[in-house]
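One structure below.
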Amino acid sequence: MKQQGLFENSTHKGESLPLPDADVTYYANWLAGSEADLLLRTLRSQIKWQQETISLYGKQHLVPRLQAWHGDPDCIYQYSGLTMQPQPWIAPLLQLKERCEAIAGNAFNSVLLNWYRHGQDSMGLHADDEPELGREPVIASLTLGAERPFIFKHRTLPKRHTLTLHHGSLLLMAGRTQLNYLHGISKTVKAVGDRINLTFRYIYPQE
Ligand SMILES: O=C(O)CCC(=O)C(=O)O
Ligand SMILES: [Fe+2]
């Protein structure tokens, strides 16, 4: 029996994506529409959003989206030369964390929030494979707001898969997904509304 079956019920039907060498489950309607609407409004106003600067090959670039990092006090996250100190949990994030833990069967101690304000905001192809995430991280990704194509690209095979993440959907990435695939959100010239994505993660303390 597939492990996903353990968490299936009438409202939370997960769909396993047809990706070789990966373990990705998609719950299109994880949150009810009204709950997702309320959460989108709450997070827009309650989160202290920041636009970070990263250094790539010695040059400074503004990250093309707004971000925030919340979690337990020892959850320090480093990527692209950025060191993110966690903001404390706030009630709506803590409740979501617990619900993600229940469906994923995995503990989370932090969440990265990304706010794509319009079609020119994006996230380049990457893997969530920093050492502090461990070898085969389980990542729970909640999408609110506008639908944007989410791209998976296999690292060595000519395999690409694009899916549209629905308002209120949850995407679980586990197993060898980060080892074998990159993922990202492209820019678009289409007129699209804003989108907030939350990725719940477990950060191992670094010596
Ligand atoms: O916005 C998304 O759906 C992807 C976010 C992501 O990949 C990340 O935060 O690492
Ligand atoms: Fe990611």
Side-chain angles (χ1 to χ4, degrees), residues 17 19 22-28 30-31 36 39-40 43-44 47 49-52 54 56 63-71 75-84 86-87 93 96-97 100 104 106 108-155 160-188 190 192-203:
L17 296 193
L19 291 175
D23 178 355
V24 184
T25 312
Y26 180 56
Y27 301 83
W30 192 60
L31 295 180
L39 204 52
L40 181 60
L43 296 177
R44 278 191 197 115
I47 297 293
W49 295 99
Q50 294 193 319
Q51 189 169 21
E52 308 281 356
I54 55 165
L56 271 184
V63 171
R65 60 191 178 274
L66 304 185
Q67 293 183 294
W69 173 245
H70 287 251
C75 288
I76 293 159
Y77 190 39
Q78 291 183 307
Y79 74 96
S80 304
L82 265 186
T83 300
M84 311 250 277
Q87 301 283 323
L93 293 181
L96 285 172
K97 174 182 102 84
C100 286
N106 189 80
F108 299 113
N109 57 10
S110 52
V111 59
L112 178 65
L113 295 98
N114 283 289
W115 185 3
Y116 304 84
R117 297 159 293 179
H118 42 62
Q120 289 306 294
D121 276 354
S122 61
M123 186 177 295
L125 286 174
H126 68 282
D128 295 305
D129 59 356
E130 290 80 12
E132 57 267 40
L133 292 170
R135 241 183 70 78
E136 294 192 352
V138 177
I139 295 174
S141 167
L142 169 61
T143 288
L144 303 167
E147 295 189 338
R148 299 278 298 269
F150 183 86
I151 300 160
F152 280 104
K153 184 182 178 300
H154 198 288
R155 288 187 195 249
R160 262 176 107 92
H161 185 85
T162 301
L163 82 154
T164 300
L165 299 177
H166 189 258
H167 179 46
S169 69
L170 191 76
L171 186 75
L172 288 184
M173 297 187 277
R176 299 179 66 76
T177 308
Q178 306 303 325
L179 289 170
N180 291 322
Y181 284 84
L182 307 176
H183 60 268
I185 301 274
S186 309
K187 295 186 197 304
T188 173
K190 287 187 196 148
V192 289
D194 66 327
R195 168 179 187 272
I196 291 178
N197 176 265
L198 297 86
T199 43
F200 290 87
R201 298 146 186 263
Y202 187 86
I203 298 282

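We count ligands from 1, going down the list as the structure has it; atoms in each ligand are counted the same way.
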What atoms of ligand 1 come within less than 4.0 Å of a heavy atom belonging to [X]?
| X | result |
| --- | --- |
| Y116 | 1 (O), 2 (C), 4 (C), 5 (C) |
| T199 | 9 (O) |
| H183 | 7 (O) |
| L112 | 9 (O) |
| F150 | 3 (O), 4 (C) |

**Request:** Return the residue, atom name and 0.1 Å-rounded distance of the protein heavy atom closest to atom 5 (C) of ligand 1.
**Result:**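 It is N197 OD1, 3.4 Å.
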**Prompt:** Can you tell me the protein heavy atom closest to atom 6 (C) of ligand 1 and the distance?
**Reply:**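 Ranked first by proximity to atom 6 (C) of ligand 1 is M123 SD, 3.4 Å.
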**Asked** Evaluating non-hydrogen atoms only, which member of H126, R195, Q67 is closest to atom 3 (O) of ligand 1?
**Response**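 Among H126, R195, Q67, the closest heavy atom to atom 3 (O) of ligand 1 belongs to R195.
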Counting only heavy atoms, which portion of [X] has something under 4.0 Å from ligand 1: side chain, backbone, both, or neither?
| X | answer |
| --- | --- |
| I139 | neither |
| D128 | side chain |
| R148 | neither |

Has the side chain of [X] got a donor or acceptor atom that lies under 3.5 Å from a matching backbone atom of [Y]?
| X | Y | value |
| --- | --- | --- |
| N197 | L142 | yes |
| R148 | S186 | yes |
| R201 | I139 | no |
| Q51 | Q67 | no |

**Asked** Are any of the heavy atoms in R201 under 4.0 Å away from ligand 1?
**Response**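 It does; at least one heavy atom falls under 4.0 Å.
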**Asked** Do the rings of F150 and H183 sit parallel, tilted or perpendicular, given the 30° and 60° boundaries?
**Response** parallel
**Request:** Could you label the plane-to-plane angle of the F108 and F200 rings as parallel, tilted or perpendicular, counting under 30° as parallel and over 60° as perpendicular?
**Result:** tilted
**Prompt:** Do the side chains of D128 and T177 get nearer than 4.5 Å, heavy atoms only?
**Reply:**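 Answer no - side chains too far apart.
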**Request:** Could you point out which residue of M173, E130, E136 forms a side chain to side chain contact (heavy atoms under 4.5 Å, CB included) with Q178?
**Result:** M173
**Asked** What's the spacing between T143 OG1 and R195 CZ if we round to 0.5 Å?
**Response** 3.5 Å
**Message:** Quick check: of its N, O or S atoms, which one does D128 have closest to the Fe ion (ligand 2)?
**Reply:** OD2
**Contact (N/O only, under 3.5 Å) between N114 and ligand 1** = yes
